[in-house]
Amino acid sequence: MRLPFILDVALGLIFIYLIFSLLASEIQELIATIMQWRAAHLKKSIEIFLSGSAHDSELPEVVELVTKIYGNPLIKSINQEAKGFFATLPRKFTWMMGKISNKLGNSMAKSSVTRKTFAHGNSGPSYIAADTFATSLIEELKLTTIVHNLTESRLSSVKTQHIQEIRIILTRSLKQVQAHELPTNVTQDIQDDFETLQKEYDLIFIDFKEQRFDIDTSVGRMKDSMGKYINNFQANMEVESYVLRETCKRLSAFYYHIFPSVEEAIVIGGLKPNISEITGILETGSSVYNSLEISISSSEDHTYKAIHEVVEGLPPIIRKNIFSIAKQAKYKAKSTEEGIRILRTEIEQCFDNSMARAGGVYKRNAKGVAILIGIALAFGANADTFHIIDRLSKDTVLREAIVYKAEQTIERQPNAADIQNIDTKEILEDLQLPIGWTDNNLQEQLGWHPTKIQNIPIISILTMFTGWIISGLAIAMGAPFWFDLLSKVMKVKNAGSSSKR
């Protein structure tokens, strides 16, 4: 058998597979769009990522957290939907089919969680960037709220400590001052200045609590208020008094002790919780968590209670997984801001890795669906590989017509990137392919072997079934595969023709 003949038959068969692969990919893409497979798979993959396993991903608290994340403005802004009746008409059909698919999935899975696929709308995004997800997750975990509340509670303690220490110094001094019979206006000025300091400290704390200023600015304002108070106290020393001079020395010593600099004052007061403390709060049984429990029971400070409510509002399985990720960040961080940034980076990396695995699962599932579509398409079109090969080997005109059409297709779309531009409808109209349920095809297929049982050609029917399965598997290989193979076989054929000349 001559090589050109074999190449022509191979080209014809590959070209037919290419045409059917393009049809199958369009069908699969249509089904995936209607059923919203990509968006639903992404949401399920996020649930598995946060819970750590497919089994735990069905827990109601996990589903609820993911629903909240999807309701975050950053995520919602990704999922842009068309406006207007006619623009949304195709989408409404898609949403209806998606709901039907979701109900069937819930009933078949017999899940304890009955839910919408997308609680904040009829559809969801098919792709979420790692940085967008990390930011949304941190917002929903309220880690920044925990940091602010911890800082607020500690700033309140520092404020109280400063005022109490100054009150102690003044109380001791004023007792001695009365013995020396200083003017009343001096003691009154000292008392007024102290009350002013208290009011300024209270105002600074309120401004921080309501997030008008950050902790650095707030501590800087406290330092300025304390410095101004000491300057006013020195102004009252116009009256000669040993006690006032000693008091002023104590106040100055206390000032320089608590405010060597704004940065050191923040460190001394523990006003910026490090990432270890934040992760410790997330871990039930840790020393930080236990101290939080003690603070709730022994203190009237509502801040600790607010932190506890936020932490306890997180599903235990989520806290456990976030704690595992946060442990990687705490060894790299030197400050709270850096810790949160590194934690965000760690979440992004873990999310990317998880989505890469989820992408592999989706591709395997898609390949399974492609095989089913390929076999169904082969059966529907009666695309029997054995019959196609037989016809191509016997019908010279048909073989040459298909090869010519294949050459034209390669010339028009030389790159695999342009494969979607191939007009399958035009090709099917121009060529009489050896497919279909026509009388001629059935006569040729079922008349191959004389062996029959009760006038039924068993061998021919089995051959047809085998041919359909082979065609279905070949179609599932995908159009890019057959396009590349077609280009390579075409080069071999052209090279053979050139060498003959």
Side-chain angles (χ1 to χ4, degrees), residues 147-273 295-296 298-307 336:
V147 171
H148 186 272
N149 286 348
L150 273 175
T151 305
E152 177 187 322
S153 179
R154 292 175 181 179
L155 183 63
S156 177
S157 298
V158 168
K159 174 181 75 77
T160 302
Q161 179 187 353
H162 289 184
I163 296 300
Q164 286 179 345
E165 188 68 27
I166 294 175
R167 181 181 285 112
I168 291 172
I169 294 174
L170 291 180
T171 301
R172 291 174 181 173
S173 300
L174 289 176
K175 287 181 180 179
Q176 299 177 38
V177 167
Q178 289 174 0
H180 288 75
E181 297 182 352
L182 289 176
T184 305
N185 66 316
V186 174
T187 56
Q188 185 62 46
D189 288 344
I190 293 174
Q191 184 64 33
D192 291 344
D193 290 340
F194 176 70
E195 291 177 358
T196 301
L197 176 65
Q198 281 184 299
K199 292 178 181 178
E200 289 181 355
Y201 261 45
D202 289 338
L203 180 60
I204 292 169
F205 175 75
I206 292 172
D207 286 342
F208 175 80
K209 184 176 182 179
E210 296 179 356
Q211 300 187 25
R212 296 193 186 98
F213 298 101
D214 58 17
I215 189 61
D216 297 88
T217 304
S218 299
V219 173
R221 291 175 65 193
M222 291 173 72
K223 183 175 183 292
D224 293 340
S225 294
M226 180 72 75
K228 183 177 68 173
Y229 170 74
I230 293 175
N231 289 335
N232 290 338
F233 190 89
Q234 288 176 338
N236 291 319
M237 290 173 54
E238 295 177 357
V239 177
E240 191 66 27
S241 172
Y242 170 79
V243 175
L244 290 182
R245 287 196 300 270
E246 290 300 314
T247 302
C248 187
K249 288 180 181 179
R250 292 192 190 99
L251 291 173
S252 297
F254 177 67
Y255 171 78
Y256 289 114
H257 173 71
I258 60 175
F259 291 119
S261 67
V262 172
E263 293 77 13
E264 290 181 77
I266 291 173
V267 173
I268 293 171
L271 298 178
K272 285 188 178 180
S295 299
I296 294 171
S298 62
S299 173
E300 295 182 358
D301 187 357
H302 296 290
T303 306
Y304 279 111
K305 293 182 180 179
I307 297 172
T336 304

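- Taking all atoms of both residues into account, the shortest heavy-atom contact from Leu271 to Thr151 is O-CG2, 2.8 Å.
- Within the structure, the ring-ring contact (aromatic ring centres under 6.0 Å, His included) test picks out no pair touching residues 209-228 (sequence neighbours left out).
- Across all non-hydrogen atoms, the minimal contact from Arg154 to Gly269 is CB-O, 4.3 Å.
- Here the side chains of Thr247 and Phe233 are in contact, with some heavy-atom distance below 4.5 Å.
- With sequence neighbours left out, Glu210 forms a salt bridge (Lys or Arg N to Asp or Glu O under 4.0 Å) with Arg212.
- With contacts defined as side-chain heavy-atom distances shorter than 4.5 Å, the pair His257/Ile268 does not qualify.
- Looking at residues two or more places apart in sequence or on another chain, you find a side chain to side chain contact (heavy atoms under 4.5 Å, CB included) between Ile163 and Arg167, Phe194, Leu197, Gln198, Tyr201.
- To the nearest 0.5 Å, the span separating NZ on Lys209 from CG on Asn149 amounts to 9.5 Å.
- When atom types are taken as modelled, the side chain of His148 and the backbone of Phe208 share a donor-acceptor pair closer than 3.5 angstrom.
- The salt bridge (Lys or Arg N to Asp or Glu O under 4.0 Å) analysis of residues 223-234, with sequence neighbours excluded, yields the pairs Glu200-Lys228.
- When each of Asp214, Asp202, Asp207 is paired with Arg221, the salt bridge (charged side-chain N to carboxylate O under 4.0 Å, His left out) condition holds for Asp207 and for no other.
- The CD1 atom of Ile166 sits 10.5 Å away from the CD atom of Gln161 when rounded to the nearest 0.5 Å.
- Summarising the geometry, atom CZ belonging to Arg250 is positioned 11.0 Å from atom CD belonging to Glu165; distances are rounded to the nearest 0.5 Å.
- With values rounded to the nearest 0.5 angstrom, Gln211 atom CD is found 10.5 Å from Ser218 atom OG.
- Looking at Met226 and Ile258, their side chains come closer than 4.5 Å, going by heavy atoms from C-beta outward.
- A pairwise comparison of heavy atoms in Val219 and Ala265 identifies CG1-CB, 3.9 Å as the closest pair.
- The heavy-atom pair separating Ile204 from Ser225 by the smallest distance is CD1-OG, 3.8 Å.
- Using the six-membered ring where Trp is involved, His162 and Phe259 have ring planes that are perpendicular, over 60° apart on the 30 and 60° scheme.
- With sequence neighbours left out, the side chain to side chain donor-acceptor pair (under 3.5 Å) criterion links Thr160 to no other residue.
- The line from CG of Asp193 to CG of Asn231 is 10.5 Å long, rounded to the nearest 0.5 Å.
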Subject >> Leu155 and Met222: CA distance, side-chain angles, deciding distance, side-chain contact (heavy atoms from CB on, under 4.5 Å) verdict >> reply: CA-CA 10 Å; Leu155 183 63; Met222 291 173 72; 3.6 Å; yes
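- Every residue two or more places apart in sequence or in another chain that forms a side chain to side chain contact (heavy atoms under 4.5 Å, CB included) with Glu264 is listed here: Pro260, Ser261.
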